[in-house]
Amino acid sequence: MAGVTKWTGREAELLRQAMRKKQKEFAELVGVNPRQIPRWKRRGETITLELENQAALDTLLAQAKPEVQQLFAALLTERAAVEHDERAEELLRKDPSTRRHPVDRKVMTFVEEGIYLSGPDNRSVWLESYLIDVYPTTNEDYERFVMATGHRPPQHWPGGHCPVTLANHPVVWVTWHDATAYARWTGKTLPSTRQWEKAARGPRGRIYPWGNEPTAAKANTSEAGIDATTPVSRYQSGVSPYGVFDLCGNTWEWCSTEEEPGRYHLKGSAFTSPFERAAPSLQNAANATMKDNDTGFRCVAPS
């Protein structure tokens with residue numbers, strides 16, 4: 001079932017459409033004045049509903065038939081995908097440091113050469129300039145790769161096809177070898193741990209992408225209680241100084257840096273991780289053949 005962490009007018013309207021109810025019927029089910037429904041629709045995501053209304057909508061969704069829940073999830077994903085594309089196009093228009101990669105069509109942003117503060121002890125490290133994907137590789141991105149190359153699809157895709165409800169979520173159940181194969185197909189590479197960390201912390205060594213305050217609400221970690229991946233453009237307040245999303249939480253991300261033969265570094269933490277593991281300076285590693293429901297990747301390219 002598609003969960004909603006915060007009901008706005010937009011989500012309420014999408015649930016009404018999924019239930020195929022007229023505004024008056026829907027108002028009766030929620031327990032509000034019928035005049036509220038067109039107001040919620042008009043205000044969209046700019047209005048957060050009262051707690052009692054949110055509880056009523058939670059109950060409606062939980063008790064809805066499976067086909068209604070599936071349609072609601074599809075409508076949510078469709079809207080999120082449109083917003084994702086709109087934000088990507090806006091980035092490309094407004095930010096001269098961004099560009100679209102010619103193979104996988106992902107938006108990448110420029111990280112300048114120079115020193116940044118690395119690791120828990122903030123050592124000064126020099127890096128050449130590079131480009132990094134603004135968003136993690138999504139299921140939709142990975143499906144294009146699978147279709148183009150015949151590479152095996154992730155195990156959570158029913159029938160080997162990307163589920164529409166997860167199109168703009170980060171791809172998971174991929175090994176380091178799978179991630180490297182995707183990167184090779186695009187002509188990019190997986191980031192080194194240093195490239196990944198600089199993109200997350202900026203040149204001045206922020207503790208978190210958004211700053212130095214430990215604000216768990218800015219990332220999809222275990223404290224959020226979602227217990228699943230979320231759309232890659234969801235946490236807009238959690239972006240890094242370079243405008244890169246999801247560098248804390250959602251999924252661990254494979255890097256090209258080898259800890260020891262056959263083991264590679266992972267960065268970023270995941271929806272399964274406590275927030276205390278989310279700082280980009282922290283280290284993690286796994287066997288290259290490991291795959292899980294909380295592990296994905298993004299790519300880098302020469303500038």
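Predicted, not measured: the structure shown is a model, and the values here were computed from it.
- In terms of modelled atom types and a separation under 3.5 Å, the side chain of R201 and the main chain of R206 share a donor-acceptor contact.
- Under the 3.5 Å distance criterion, the side-chain polar atoms of R16 are matched with a main-chain donor or acceptor of K21.
- Rounded to the nearest 0.5 Å, atoms OG1 (T8) and CG (L49) are 6.5 Å apart.
- Remark: S256 engages L190, S192 in a side chain to side chain contact (heavy atoms under 4.5 Å, CB included) (not counting sequence neighbours).
- Tracing side-chain contacts under 4.5 Å through hydrophobic residues (I, L, V, M, F, W, Y), one never reaches I132 starting from Y208; they form parts of separate clusters.
- With hydrogens and angles ignored, the 3.5 Å screen pairs no side-chain donor or acceptor of T295 with any backbone N or O of D292.
- Taking all atoms of both residues into account, the shortest heavy-atom contact from Y116 to G202 is CB-O, 3.9 Å.
- Atom CD in Q63 sits 11.0 Å away from atom CG in D58 (nearest 0.5 Å).
- Within the 3.5 Å criterion, the main-chain N or O of P170 finds no donor-acceptor partner in the side chain of T138.
- L282 forms part of no hydrophobic cluster, judged by ILVMFWY side-chain heavy-atom separations under 4.5 Å.
- When the side chains of ILVMFWY residues are joined at heavy-atom separations under 4.5 Å, either directly or via intervening members, V172 and I226 end up in two distinct hydrophobic clusters.
- Counting only distance, with no hydrogens or angles, the side chain of Q69 and the backbone of L61 share a donor-acceptor pair below 3.5 Å.
- The side chain to side chain donor-acceptor pair (under 3.5 Å) contacts involving residues 142-160 comprise N139-H156, N139-W157, D141-R144, H151-D178, R152-D178, where partners must be two or more places apart or lie in separate chains.
- Remark: V103 pairs with H101, W185, T186 by the side chain to side chain contact (heavy atoms under 4.5 Å, CB included) rule, at least two apart or across chains.
- Judged by distance alone, the side chain of S240 and the main-chain N or O of Y242 form a donor-acceptor pair under 3.5 Å.
- When side chains are defined from C-beta on, V244 counts as touching T109, because their heavy atoms get closer than 4.5 Å.
- Checked against side chain to side chain contact (heavy atoms under 4.5 Å, CB included), A270 has the following partners two or more places apart in sequence or in another chain: W252, T272, S273, D294.
- Residue pairs meeting the side chain to side chain donor-acceptor pair (under 3.5 Å) criterion with at least one partner in residues 25-37, sequence neighbours excluded, are Q36-R39.
- Counting only residues at least two apart or on different chains, no salt bridge (charged side-chain N to carboxylate O under 4.0 Å, His left out) pair has a member in residues 272-284.
- No single ILVMFWY cluster, assembled from side-chain heavy atoms under 4.5 Å apart, contains both F245 and I207.
- Here the side chain of E223 pairs a donor or acceptor atom with the backbone of F275 at under 3.5 angstrom.
- Linking ILVMFWY residues whenever their side-chain heavy atoms come closer than 4.5 Å, directly or via other members, leaves W173 and L266 in distinct clusters.
- For the pair R298 and D246, the salt-bridge criterion is not met [side-chain N within less than 4.0 Å of a carboxylate O].
- Every residue two or more places apart in sequence or in another chain that forms a side chain to side chain contact (heavy atoms under 4.5 Å, CB included) with E128 is listed here: E113, W126.
- Contacts classified as salt bridge (charged side-chain N to carboxylate O under 4.0 Å, His left out) and involving residues 260-275 (residues at least two apart or in different chains) are given here: E259-R263.
- Judged by distance alone, the side chain of N284 and the main-chain N or O of H265 form no donor-acceptor pair under 3.5 Å.
- Inter-residue side-chain proximity for S129 and F110 is flagged as met; some heavy-atom pair is nearer than 4.5 Å.
- Residue F297 is tested with W196, F145, Y182 for a ring pair (Phe, Tyr, Trp, His ring centres under 6.0 Å); the sole match is Y182.
- By the 4.0 Å N-to-carboxylate-O rule, K106 lies too far from D104 to be salt-bridged with it.
- For W40, the side chain to side chain donor-acceptor pair (under 3.5 Å) criterion is met by no residue, not counting sequence neighbours.
- Expressed to the nearest 0.5 Å, how far CG of L60 lies from CZ of F72 amounts to 10.5 Å.
- Separating the CD atom in E11 from the CD atom in Q54 is a distance of 9.0 Å, to the nearest 0.5 Å.
- Qualifying ring-ring contact (aromatic ring centres under 6.0 Å, His included) partners for Y130, counting only residues two or more places apart in sequence or in other chains: none.
- Of the inter-residue distances, the one linking T48 atom OG1 with N53 atom CG reads 11.5 Å to the nearest 0.5 angstrom.
- Counting only distance, with no hydrogens or angles, the side chain of N168 and the backbone of P231 share no donor-acceptor pair below 3.5 Å.
- In E67, the CD atom is crowded: over 12 heavy atoms of neighbouring residues, nucleotides or ligands sit closer than 6.0 Å.
- Checked by atom type and distance alone, the side chain of W7 never pairs as donor or acceptor with a backbone atom of R10 at under 3.5 Å.
- Using a 4.5 Å cut-off between side-chain heavy atoms of Ile, Leu, Val, Met, Phe, Trp and Tyr, with links allowed through other members, L14 and L57 fall into the same hydrophobic cluster.
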query = Can you check side chain to side chain donor-acceptor pair (under 3.5 Å) on E197 and S281, steps first, answer last?
reply = CA-CA 7 Å; E197 186 184 356; S281 63; 5.2 Å; no

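- The line from CZ of R184 to NE2 of H177 is 10.0 Å long, rounded to the nearest 0.5 Å.
- Contact of the P154 side chain with the K291 side chain is not registered, since no non-hydrogen atoms from C-beta on lie closer than 4.5 Å.
- In this view, Q23 satisfies the side chain to side chain donor-acceptor pair (under 3.5 Å) rule with no residue, not counting sequence neighbours.
- Two residues are said to be in side-chain contact when any heavy atoms from C-beta on lie closer than 4.5 Å; R99 and L131 meet this criterion.
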